[in-house]
Amino acid sequence: MAETRQEPLFERVAIVGVGLIGSSIAHAVRRGGLAGRIVATDASPEVRARVAELGLADEIVETAAEAAEEADLVIVCTPIGASGAVAAEIGPNLKPGAILTDVGSVKGAVIREMGPHVPAHAHFVPAHPIAGTEHSGPDAGFAELFDGRWAIVVSESGTDAEAAAKVRALWEGMGAKVDTMTSEHHDLVFAIVSHVPHLIAYNIVGTAADLEDVTQSEVIKYSASGFRDFTRIAASDPTMWRDVFLNNRDAVLQMLGRFTEDLTALQRAIRWGEGDKLFELFTRTRAIRRGIIEQGQDTAAPDFGRRATPQTKS
Ligand SMILES: NC(=O)C1=CN([C@@H]2O[C@H](COP(=O)(O)OP(=O)(O)OC[C@H]3O[C@@H](n4cnc5c(N)ncnc54)[C@H](O)[C@@H]3O)[C@@H](O)[C@H]2O)C=CC1
Ligand SMILES: O=C(O)C(=O)Cc1ccc(O)cc1
């Protein structure tokens, strides 16, 4: 767990979009004593009301523009599709030296959408926590979400080193381990380790549900197996994931091309009874899993069983 600081890292922190990630940040920032004051906003009046009930912020305002006023740090935690419009609203209200950051699962498109709205006197440091659950909304968040998990801070040629160091310190203060990379590299890596796996889960659950001779009740009844993990992933927020695929199109299509080629090779091996090919692949993948565990990298989300109750998400 992160140490509590004497001096907050930021005086005024604004959180725009208080769903799973925004509310987890609110909890973790509080826990780490990282902000003098937290101001929050959300486009949904129901979410704003729930944020007030949960006491997640010191101040709740109606617009992103208001939240950004006098903020030292603004964290945009909306779905990716909204990030450009949110940045356009925030940009004119960013004070000199203010840092704008985000948590989006795609970085290149977000930088293209948000970047042009950041005034020269402020700094933009995009980021992405590699931690989440299939739940959404302000009730789904918890302070421990980022503990021991990775957070990527994007570093491009124009990134301000001091602002990037503060965003790194923020994530470390919330319990995360930080890596830096370019947005291009980020989008390729997360296409294969996160975006394509989610697409596979959505697809396999959809296929199983559509099969005429496998009723949905059987999908539920027999899902206490590997399939259950797919159903958890396929329960992830539809808006968020639609935006991920629309905004990381090229990298996802590139990885899907490789994936389908390899799948076709497996199909062929099954058709022709090439057991040695199947055995060789399964041996290799088993070693990869064991390597992950040996390196202590198997940091599953702390509490995947958490439920967002009541569900206030619109
Ligand atoms: N869910 C996950 O596991 C992870 C999500 N992310 C990223 O975090 C971001 C947020 O995801 P979640 O917290 O899961 O979503 P969420 O659906 O729980 O919360 C998003 C919130 O943004 C609000 N919102 C939408 N448009 C808005 C606007 N224009 N202005 C203000 N508020 C607006 C919604 O009302 C909602 O409360 C996404 O960009 C996603 O890619 C990153 C890591 C993990
Ligand atoms: O719930 C899961 O298994 C996740 O994979 C969570 C997640 C979703 C999206 C991200 O960009 C990062 C982490």
Side-chain angles (χ1 to χ4, degrees), residues 14-27 40-51 54 56 60-68 74-90 101-107 109-110 113-114 126-142 145-146 149-152 171 174 176 186-187 189-191 193-202 229-248 298-306 308 311-314:
I15 300 174
V16 180
V18 197
L20 167 71
I21 300 297
S23 64
S24 295
I25 288 176
H27 284 293
T41 190
D42 196 286
S44 154
E46 291 81 19
V47 170
R48 292 201 300 272
R50 190 64 189 142
V51 170
L54 293 169
L56 289 174
I60 298 150
V61 296
E62 286 192 11
T63 66
E66 246 180 291
V74 180
I75 314 174
V76 176
C77 305
T78 64
I80 292 164
S83 55
V86 167
E89 206 190 323
I90 289 171
T101 187
D102 80 307
V103 296
S105 306
V106 177
K107 300 278 47 112
V110 164
E113 293 292 318
M114 294 181 74
H128 174 205
I130 314 306
T133 73
E134 69 279 25
H135 304 303
S136 305
D139 288 274
F142 50 106
L145 178 63
F146 310 115
R149 309 300 299 274
W150 285 106
I152 308 299
W171 283 104
M174 291 194 288
H186 170 280
D187 289 352
V189 169
F190 289 95
V193 303
S194 177
H195 307 166
V196 168
H198 274 78
L199 197 71
I200 292 167
Y202 282 121
D229 297 340
F230 284 119
T231 64
R232 182 188 75 75
I233 296 280
S236 300
D237 188 68
T239 305
M240 169 188 156
W241 284 98
R242 176 202 62 197
D243 288 358
V244 167
F245 293 113
L246 294 181
N247 286 282
N248 199 19
D298 182 31
T299 51
D303 188 2
F304 276 144
R306 249 182 125 86
Q311 182 61 273
T312 53
K313 199 180 167 317
S314 50

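When a ligand or atom number is given, it counts from 1 through the structure's own listing order.
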What atoms of ligand 1 come within less than 4.0 Å of a heavy atom belonging to [X]?
{"X": "Val47", "result": "37 (O)"}
{"X": "Gly19", "result": "13 (O), 16 (P), 18 (O), 19 (O), 21 (C), 37 (O)"}
{"X": "Val86", "result": "28 (C), 29 (N), 30 (N)"}
{"X": "Ile80", "result": "39 (O)"}
{"X": "Pro129", "result": "43 (C)"}
{"X": "Gly137", "result": "18 (O)"}
{"X": "Ser105", "result": "6 (N), 7 (C), 40 (C), 41 (O), 42 (C)"}

Donor-acceptor pair, [X] side chain versus [Y] backbone, under 3.5 Å?
{"X": "Arg149", "Y": "Ala176", "result": "no"}
{"X": "Tyr202", "Y": "Ser236", "result": "yes"}
{"X": "Asn247", "Y": "Asp243", "result": "yes"}

Closest heavy-atom pair and its distance - [X], [Y]:
{"X": "Pro197", "Y": "Ala191", "result": "CD-O, 4.0 Å"}
{"X": "Val18", "Y": "Ala40", "result": "CG2-CB, 3.9 Å"}
{"X": "Ala234", "Y": "Ala201", "result": "CB-O, 3.8 Å"}
{"X": "Ile80", "Y": "Ser105", "result": "CD1-N, 3.9 Å"}
{"X": "Cys77", "Y": "Ile15", "result": "SG-CG2, 4.1 Å"}
{"X": "His135", "Y": "Thr133", "result": "N-OG1, 2.9 Å"}

Within a distance under 4.0 Å of any heavy atom of [X], pick out the atoms of ligand 2 and give their elements.
{"X": "Met240", "result": "9 (C)"}
{"X": "Thr133", "result": "1 (O)"}
{"X": "His128", "result": "10 (C), 11 (O), 12 (C)"}
{"X": "Gly132", "result": "1 (O), 6 (C)"}
{"X": "Ile233", "result": "3 (O)"}
{"X": "Arg232", "result": "1 (O), 2 (C), 3 (O)"}

Record the part of [X] in heavy-atom contact with ligand 1 below 4.0 Å; permitted values are side chain, backbone, both and neither.
{"X": "Thr133", "result": "backbone"}
{"X": "Val103", "result": "both"}
{"X": "Ser236", "result": "neither"}

Q: Quick one: sort the Phe245 and His195 rings into parallel, tilted or perpendicular, breaks at 30° and 60°.
A: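 The arrangement is perpendicular - the two ring planes meet at more than 60°.
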Could you check whether any heavy atom of [X] sits closer than 4.0 Å to an atom of ligand 1, since that is the contact criterion I want to use?
{"X": "Cys77", "result": "yes"}
{"X": "Pro79", "result": "yes"}
{"X": "Ser23", "result": "no"}

Any non-hydrogen side-chain atom of [X] less than 4.5 Å from a side-chain atom of [Y]?
{"X": "Ile25", "Y": "Phe146", "value": "yes"}
{"X": "His198", "Y": "Val244", "value": "no"}
{"X": "Leu56", "Y": "His27", "value": "yes"}
{"X": "Phe190", "Y": "Ile152", "value": "yes"}
{"X": "Pro138", "Y": "Leu54", "value": "yes"}

Q. Should Trp150 be listed as contacting ligand 2, given a heavy-atom distance under 4.0 Å as the test?
A.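 Outside the 4.0 Å threshold, so no.
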Among [options], closest by any non-hydrogen atom to [atom]:
{"atom": "atom 9 (C) of ligand 1", "options": "Val51, Thr78, Val16, Asp139", "value": "Thr78"}
{"atom": "atom 13 (C) of ligand 2", "options": "Pro197, Ala131, Ser105, Ala201", "value": "Ala131"}
{"atom": "atom 4 (C) of ligand 2", "options": "His198, Glu134, Arg149", "value": "His198"}
{"atom": "atom 34 (C) of ligand 1", "options": "Leu20, Asp42, Ile21, Ile152", "value": "Asp42"}

Q. Mind checking whether Trp241 has an N or O less than 3.5 Å away from an N or O of ligand 2?
A.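 Between Trp241 and ligand 2, no N or O pair is found under 3.5 Å apart.
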**Q.** Short N or O distance, Ser194 and ligand 2, threshold 3.5 Å exclusive
**A.**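 It does not: no N or O of Ser194 is found under 3.5 Å from an N or O of ligand 2.
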Q) Taking N or O atoms only and a 3.5 Å limit, does Gly22 qualify as a polar contact for ligand 1? A)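 N/O-N/O distance under 3.5 Å: no.
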**Q.** Working for side-chain contact (heavy atoms from CB on, under 4.5 Å), residues Glu66 and Thr41
**A.** CA-CA 9 Å; Glu66 246 180 291; Thr41 190; over 6 Å; no
